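Below you'll find the structure, written out as structure tokens, and then a few comments.
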Amino acid sequence: MSIQIFNTLSRQKEEFIPLEEGKVKMYVCGPTVYNYIHIGNARPVIVYDTVRRHLEYRGYDVKYVSNFTDVDDKLIKAANELGQEVPEIAERFIAAYFEDTKALGCAEADVHPRVTDHMVQIIEFIEALIEKGYAYESQGDVYYRTRKFAGYGKLSHQSVDELKVGARIETGDKKEDELDFVLWKTAKPKEISWDSPWGKGRPGWHIECSVMAREHLGDTIDIHAGGQDLTFPHHENEIAQSEAFTGKPFARYWMHNGYINIDNEKMSKSLNNFVLVNDILKEMDPQVLRFFMLSVHYRHPINYSQQLVEDAVAGLERLRTAYGNLKHRLGTSADLGDHSDIWIHKIEAIKTAFIETMDDDFNTANAISSLFDLSRLSNTYLLEKQTATIVLETFIAVFDELAGVLGVPFSQQEELLDEEVEALMAERIRARKNRDFARADEIRDLFKEKKIILEDTAQGTRWKRGQ
RNA sequence: GGCGGCAUAGCCAAGUGGUAAGGCAUGGGUCUGCAACACCCUUAUCACCGGUUCGAGUCCGGUUGCCGCCUCCA
């Protein structure tokens, strides 16, 4: 069975066939680095990191590129407000981006291109568009001649004529047509700028992605992804630029993720309800946030609230406990031949279901339920009086494998308790043996204060970190 | 005005023709010295109306409600 991807271009699921067998060229629109990322920014990073993990898990060699917009109006505004230089701010928030996304389990892209490193290519690209008649200079600005590109609107499925009617498009006397969008903006006095054939200025927002995608992945890429709001105009404009330039299809599969709402409202500055990743990670396990995001299909909206996060905590805890209990049992398991095949067969069936649902347009919500199926199965297996090492190891291996695809690993660093705590633990075991339950409970409460949960099982006492 | 999405149990959420996954929460039971973990059981006919079909949450038409894009935006 092949991988299916919902392609915004066709608005349906399509079989994924990469341009080059076994290889995937993937471009994900990255952030404008003028602030810390909020959880809405984090969603695409997590979603497409998971897409990448799954593609790699399925044997593809993925080249993953995600840009930083390190110069634009918002950055200039931020620079003015803070009294700092644009590069200084960009640098700071790029560092913060890496810190936040790493905590969320997102691998770095193979390339993180920055706009300011591609000025030469951007200018060349624009010059070529002018030469081909797709762009024109006007008082230091350069605009794209939108109506000239026949395929305009094919991604967002809008006709240029309809766009013209209701759109709140600024009409400036610099433009030939109100649908035209800017490729190069002339700089205001003292603003950060680069020399160009049209004078000092900086690139428009859309051109950068066309240029950097081509620079690092070639004329045609396999998957281009981003938030739903980028479909129009950003991605539509990228297509217009790139396809006018190369004469080839720009991207074969377009993926767009849904929004995040806060308490059922859109995040917005006016409502002042932005949730910054950097802030919530001070109080929240980053894996919980990732798990929470993946518990909903990527194309659907997610509502974010304290209550829902707490539910996610409970769910993730269930999986972690199952995993931890397997590890604990490993210490007392034996080489039993009996019935092991049956259990292993069941584990494999769950793994297969996981893969199939991920193949089907990256249905992480279903994939997570496979993980719950696996934990129920393992919990049931642990009810056995004697467990086989091979079965436990299979459980653990599959847990690791599947959780790895989702980027929510359960394996913690092997942690040791310090001597004092170990001594108390030993004392409690003796106390229980002597049926001195008062002392045993006292010690258990002591541990609880240290946020260590003790659980007595037929195979001895196990412990885990808890609330 | 144009384009699009959503409406499934108390909450969250899968499910694109064949008698409603999963999680959280609730209640009951088992296990336990007690507890915790866990296990078992328990809770829906899928916004509404009409149609197609042997059969629809799942397709078609309509109604209602909510949301997004068309302007910087993940």
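Residue numbers begin at 1 in each chain, while the letters A, B, ... track the order of the sequences. Since this is a predicted model, take the numbers as computed values, not measurements.
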- Task: Inspect the surroundings of CD in A/Glu317 and state if more than 12 heavy atoms from other residues, nucleotides or ligands are less than 6.0 Å away.
- Result: yes

- Kindly point out which of B/G2, B/A14, B/C37 is positioned nearest to the side chain of A/Lys464? B/C37

- Message: Heavy atoms only, 4.0 Å cut-off, all strands: where does A/His297 land among base, sugar-phosphate and nothing?
- Response: sugar-phosphate

- Message: If the cut-off is 4.0 Å, is A/Asn325 near the phosphate of B/C37, judged by side-chain N/O to OP1 or OP2?
- Response: no

- Item | For atom CG of A/Asn261 and atom P of B/G5, their distance in whole Å | 18 Å

- Message: Taking only the P atom of each, what is the distance from B/G61 to B/G5 in whole angstrom?
- Response: 12 Å

- Could you tell me whether A/Asp72 and A/Lys77 make a salt bridge, using a distance below 4.0 angstrom between a side-chain N and a carboxylate O? no

- Message: Mind checking if A/Arg439 touches a base, just sugar-phosphate, or nothing, with heavy atoms under 4.0 Å?
- Response: nothing

- Task: Could you please name the option among B/G2, B/G23, B/A13 that lies closest to any side-chain atom of A/Val296?
- Result: B/A13

- Select base, sugar-phosphate, or nothing to describe what A/Ile39 touches, counting heavy atoms under 4.0 Å on all strands. nothing

- Query: Which whole-number value in Å describes the distance from A/Tyr304 OH to B/C12 P?
  - Reply: 16 Å

- Message: Pairing donors with acceptors under 3.5 angstrom, does anything connect the side chains of A/Tyr143 and A/Asp141?
- Response: yes

- Message: Let's see if you can work this out: which of B/A74, B/G33, B/C39 has an atom nearest to the side-chain heavy atoms of A/Leu230?
- Response: B/A74

- Inter-nucleotide C1' distance (B/G57, B/C39), Å rounded: 32 Å

- Task: Check whether any side-chain N or O of A/Arg299 sits under 4.0 Å from OP1 or OP2 of B/G4, and answer yes or no.
- Result: no

- Protein-nucleotide distance (A/Glu356, atom CD; B/A14, atom C1'), rounded to Å: 15 Å

- Give a yes or no on whether a donor-acceptor pair under 3.5 Å exists between the nucleobase atoms of B/G2, that is its base, and the side chain of A/Asp161. no

- Aromatic plane relationship, A/His206 with A/His234 - under 30° parallel, 30 to 60° tilted, over 60° perpendicular: tilted

- With A/Phe291, which of A/Asp285, A/Val309, A/Leu371, A/Ile368 fulfils side chain to side chain contact (heavy atoms under 4.5 Å, CB included)? A/Ile368

- Report yes if a side-chain nitrogen or oxygen of A/Asn41 is closer than 4.0 Å to either non-bridging phosphate oxygen (OP1 or OP2) of B/A74; otherwise report no. yes

- If the P atom of B/G15 is compared with that of B/U42, how far apart are they to the nearest Å? 25 Å

- Query: Does the side-chain ring of A/Phe437 lie flat on the base of B/G33, meaning centres under 5.5 Å and planes less than 30 degrees apart?
  - Reply: yes

- Message: I need the A/Asp73 CG to A/Glu191 CD distance, nearest 0.5 Å.
- Response: 7.5 Å

- Item | Nucleotide of B/C11, B/A38, B/C69 approaching A/Arg318 most closely (side-chain heavy atoms) | B/A38

- Task: Using modelled atom types only, decide if a donor and an acceptor are shared between the side chain of A/Arg43 and the backbone of A/Asn257 within a distance under 3.5 Å.
- Result: no

- Write down the distance separating the C1' atoms in B/U8 and B/G23, rounded off to the nearest Å. 15 Å

- Message: Expressed as a whole number of angstroms, how long is the span from A/Phe292:CZ to B/C11:C1'?
- Response: 12 Å

- Return the stems involving RNA chain B, sorted by first number, where pairs are Watson-Crick (N1-N3 with N6-O4 or O6-N4) or G-U wobble (N1-O2 and O6-N3), both under 3.5 Å, and runs are 3 or more long. B:1-7 with B:64-70, B:10-12 with B:22-24, B:27-30 with B:38-41, B:47-51 with B:59-63

- Task: Please answer whether the main-chain N or O of A/Leu406 pairs with a side-chain N or O of A/Arg53 as donor and acceptor at a distance below 3.5 Å.
- Result: no

- Should A/Arg444 be listed as having a side-chain N or O under 4.0 Å from OP1 or OP2 of B/A36? no

- Start with the C-alpha gap between A/Tyr36 and A/Asp100, add the side-chain angles, then the distance that decides, and say whether side chain to side chain donor-acceptor pair (under 3.5 Å) holds. CA-CA 9 Å; A/Tyr36 292 102; A/Asp100 290 342; over 6 Å; no

- Message: Keeping A/Glu243 on the side-chain end and A/Phe250 on the backbone end, is there a donor-acceptor pair under 3.5 Å?
- Response: yes

- Query: Does the side chain of A/Asn379 get closer than 4.0 angstrom to OP1 or OP2 of B/C37 through an N or O atom?
  - Reply: no

- Message: Considering every strand and a 4.0 Å limit on heavy-atom distances, what is the contact class for A/Tyr259: base, sugar-phosphate, or nothing?
- Response: base

- Message: Within the 4.0 Å heavy-atom criterion, would you say A/Ile260 contacts the bases, only the backbone, or no part of the nucleic acid?
- Response: base

- Message: What contact category does A/Gly40 fall into here, base, sugar-phosphate, or nothing, at under 4.0 angstrom with non-hydrogen atoms?
- Response: base

- Message: On the side chain of A/Asp456, is there an atom forming a donor-acceptor pair with the base of B/C37 - under 3.5 Å, no angle test?
- Response: no

- Taken to the nearest whole Å, NZ/A/Lys448 to P/B/A36 is 9 Å

- Task: Using a 4.0 Å heavy-atom cut-off across all strands, classify A/Arg376 as base, sugar-phosphate, or nothing.
- Result: sugar-phosphate

- Between A/Arg320 (CZ) and B/A38 (P), how many Å, whole number? 14 Å

- Decide whether A/Asn237 and A/Gln241 meet the rule of one side-chain donor and one side-chain acceptor closer than 3.5 Å. no

- By nearest nucleotide on RNA chain B, pick out whichever of A/Ala440 and A/Asp360 is the more 5' one. A/Asp360

- Which of these nucleotides, B/C3, B/A21, B/A74, is closest to any side-chain atom of A/Gln158? B/C3

- Item | Closest to side chain of A/Asp373, choosing from B/G22, B/A14, B/A74 | B/G22

- Query: More 5' along RNA chain B: A/Ser375 or A/Ser370, using each one's nearest nucleotide?
  - Reply: A/Ser370

- Which value, in whole Å, describes the distance between the C1' atoms of nucleotides B/G29 and B/A14? 29 Å

- Shortest side-chain distance from A/Ala314, nucleotide among B/A13, B/A74, B/C24: B/C24

- Message: When the P atoms of B/C12 and B/A7 are compared, how many Å lie between them, rounded to an integer?
- Response: 12 Å

- Residue-phosphate contact under 4.0 Å: A/Arg462 side-chain N/O, B/A35 OP1/OP2: no

- Among the nucleotides B/G4, B/C69, B/G33, whichever has the atom closest to the side chain of A/Arg435 is B/G33

- Message: Taking only the P atom of each, what is the distance from B/C6 to B/C31 in whole angstrom?
- Response: 48 Å

- Task: Using atom CD1 of A/Ile368 as one end and atom P of B/C12 as the other, report the distance to the nearest whole Å.
- Result: 17 Å

- Query: Base, sugar-phosphate alone, or nothing: which one does A/Gly258 contact when heavy atoms must sit under 4.0 Å apart?
  - Reply: base

- Query: Given B/A14, is OP1 or OP2 found less than 4.0 Å from the side-chain N or O atoms of A/His300?
  - Reply: yes

- Phosphate oxygens OP1/OP2 of B/C69: is one of them under 4.0 Å from a side-chain N or O of A/Lys266? yes

- Item | Selected nucleotide, minimal atom distance to A/Asn363 side chain, candidates B/A14, B/A38, B/A74 | B/A14

- What integer distance in Å separates A/His224:NE2 from B/A74:C1'? 12 Å

- Looking at the side chain of A/Ile453, which of B/A36, B/A74, B/C11 is the nearest nucleotide? B/A36

- Query: Which residue, A/His235, A/Arg299, A/His224, forms the side chain to side chain contact (heavy atoms under 4.5 Å, CB included) with A/His256?
  - Reply: A/His235

